Amino acid sequence: MYLTSKLKKVFFLIAVPLAIIIVLLLANERNQNQKESSIIINEKPKEDSTDNQSSEEASTNTSVFIDIKGEVKQPGVYEMKAQDRVIDAIKTAGGFTANADQSHVNLAQKLQDEMVIEVIANNEDSSISTTSGAATTEKININQATAEEIEELNGIGPSKAAAIIQYREENGMFKQMEDLLNVSGIGEKTLEAIQDDIQIP
């Protein structure tokens with residue numbers, strides 16, 4: 001009887017520390033698993049950030065070719081970055097000549113591939129003259145005209161002229177007549193009324 005009681009005490013003394021050790025080991029293993037999961041979750045946004053950075057760098061490194069004419073010191077075709085603006089192109093071409101009319105140039109406009117920048121001389125009309133037989137008509141260059149010149153078109157008031165200028169600044173030069181339909185307030189009837197009076201290179 002005494003021996004049995006003694007064995008129980010020995011077993012208890014061994015079992016209790018062993019149980020504590022097992023609990024501690026399980027808790028430690030759980031903490032390690034949680035840390036590993038946290039590391040994996042935190043790594044994913046880094047990969048996305050790297051991809052976005054690569055896309056931005058690729059966009060920045062895209063080249064466009066533009067043709068600069070008129071009153072600049074070194075007219076010609078230049079290779080520029082897609083994020084550059086007209087002012088950067090003018091600087092690349094050596095800057096304006098002393099006779100350049102800078103009021104007709106939107107220096108803040110973003111460059112586009114195949115874009116033509118024509119800097120007119122002082123006292124020179126920005127519209128383009130076309131001759132058909134004996135008749136001569138004046139066409140407004142919609143990509144270079146000022147708001148006041150655009151307002152001279154049939155059915156175009158200050159608000160529509162401002163919308164055309166804003167669209168041109170935000171989206172680049174108009175490439176075809178139909179692009180004007182994307183301007184707020186310009187519908188098919190308005191386009192039909194002005195298409196014979198405007199020039200889009």
Side-chain angles (χ1 to χ4, degrees), residues 62-201:
T62 301
S63 296
V64 295
F65 289 87
I66 60 168
D67 187 5
I68 307 179
K69 303 176 182 293
E71 296 300 323
V72 291
K73 294 179 180 178
Q74 298 174 358
V77 177
Y78 291 90
E79 182 178 3
M80 306 289 294
K81 294 180 180 178
Q83 299 301 315
D84 287 341
R85 297 181 182 268
V86 170
I87 188 172
D88 300 311
I90 297 296
K91 289 179 180 178
T92 302
F96 293 108
T97 64
N99 196 36
D101 184 356
Q102 301 181 31
S103 64
H104 287 83
V105 182
N106 180 8
L107 297 176
Q109 185 176 350
K110 287 185 177 180
L111 300 181
Q112 289 186 333
D113 194 34
E114 301 180 3
M115 183 178 186
V116 177
I117 301 173
E118 185 171 0
V119 182
I120 63 174
N122 285 317
N123 301 322
E124 180 181 340
D125 192 357
S126 63
S127 59
I128 298 176
S129 298
T130 58
T131 304
S132 177
T136 301
T137 59
E138 295 289 332
K139 289 194 174 185
I140 300 296
N141 187 334
I142 204 69
N143 283 321
Q144 297 180 3
T146 63
E148 291 76 12
E149 290 170 337
I150 296 175
E151 288 178 28
E152 295 177 3
L153 295 169
N154 184 28
I156 301 296
S159 60
K160 289 183 179 180
I164 291 173
I165 296 293
Q166 181 179 358
Y167 182 90
R168 193 174 68 189
E169 292 176 349
E170 294 177 353
N171 300 279
M173 302 179 71
F174 296 100
K175 295 182 178 180
Q176 54 187 2
M177 291 289 183
E178 290 72 16
D179 290 343
L180 284 164
L181 295 175
N182 297 324
V183 178
S184 177
I186 304 295
E188 293 184 359
K189 290 184 177 180
T190 302
L191 178 60
E192 184 177 351
I194 66 174
Q195 62 183 359
D196 292 335
D197 300 321
I198 61 177
Q199 175 75 29
I200 297 181

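FYI, the numbering just counts along the sequence from 1. The shown structure was predicted, so the numbers you read here are calculated from the model rather than taken from an experiment.
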Rounded to the nearest 0.5 Å, how far apart are CD of Q144 and CE of M173?
5.5 Å
Under the 3.5 angstrom rule, does the side chain of D113 hit a backbone N or O of F65 as a donor-acceptor pair?
yes
Is there side-chain contact between V119 and D101, with heavy atoms separated by less than 4.5 Å?
no
Side chain to side chain, N171 and D179, heavy atoms closer than 4.5 Å
no
With side chains defined as the heavy atoms from C-beta onward, is the minimum distance between E114 and K175 less than 4.5 Å?
no
Separation between NZ (K160) and CD (E151), nearest 0.5 Å, reads 12.0 Å
Rounded distance [0.5 Å steps], CG in L111 versus OG in S63
11.5 Å
G70 and P75: which non-hydrogen atoms are nearest, and at how many Å?
O-CG, 3.9 Å
Which atoms form the tightest heavy-atom contact between T190 and I186, and what is the distance?
CG2-CD1, 3.9 Å
Carefully, step by step, assess I66 and V77 under the rule side chain to side chain contact (heavy atoms under 4.5 Å, CB included).
CA-CA 6 Å; I66 60 168; V77 177; over 6 Å; no
Check: D197 and I140 side chains under 4.5 Å, non-hydrogen atoms:
no
Gap separating the CD1 atom of I120 from the CG atom of N141, nearest 0.5 angstrom
10.0 Å
CD on E188 to CD on E178, rounded to 0.5 Å:
9.5 Å
Would you say the side chain of M115 lies within less than 4.5 Å of the side chain of V64, judging by non-hydrogen atoms?
no
With a 4.5 Å limit on heavy-atom distance, are the side chains of I87 and V105 in contact?
no
If I take atom OG1 from residue T62 and atom CE from residue M80, how far apart are they, to the nearest 0.5 angstrom?
14.0 Å
Taking all non-hydrogen atoms of both residues, which atom of I90 and which atom of L107 are closest, and how far apart?
CG1-CD2, 4.3 Å
Going by heavy atoms in the side chains, are L191 and L181 under 4.5 Å from each other?
yes
Using every non-hydrogen atom in the two residues, find where A147 and A161 come nearest and quote the distance to one decimal.
O-CB, 3.7 Å
What one should report as the nearest heavy-atom pair of G94 and K73 is O-CD, 3.1 Å
If you define the side chain from C-beta out and look only at heavy atoms, does anything of I198 sit under 4.5 Å from F174?
no
Judged by atom type as modelled, is there a donor-acceptor pair below 3.5 Å linking the side chain of R168 to the main-chain atoms of Q109?
no
Nearest heavy-atom contact between S184 and A163 is O-CB, 3.7 Å
Does CD in Q195 sit with more than 12 non-hydrogen atoms of other residues, nucleotides or ligands closer than 6.0 Å?
yes
So, does E149 use its side chain to make a donor-acceptor pair with the main chain of T146 at under 3.5 Å?
yes
Look at the side chain of D67 and the backbone N and O of V116, then say whether any donor-acceptor pair between them is shorter than 3.5 Å.
no
I165 and its side-chain contact (heavy atoms from CB on, under 4.5 Å) partner, picked from N106, V183, I150, I142:
I150
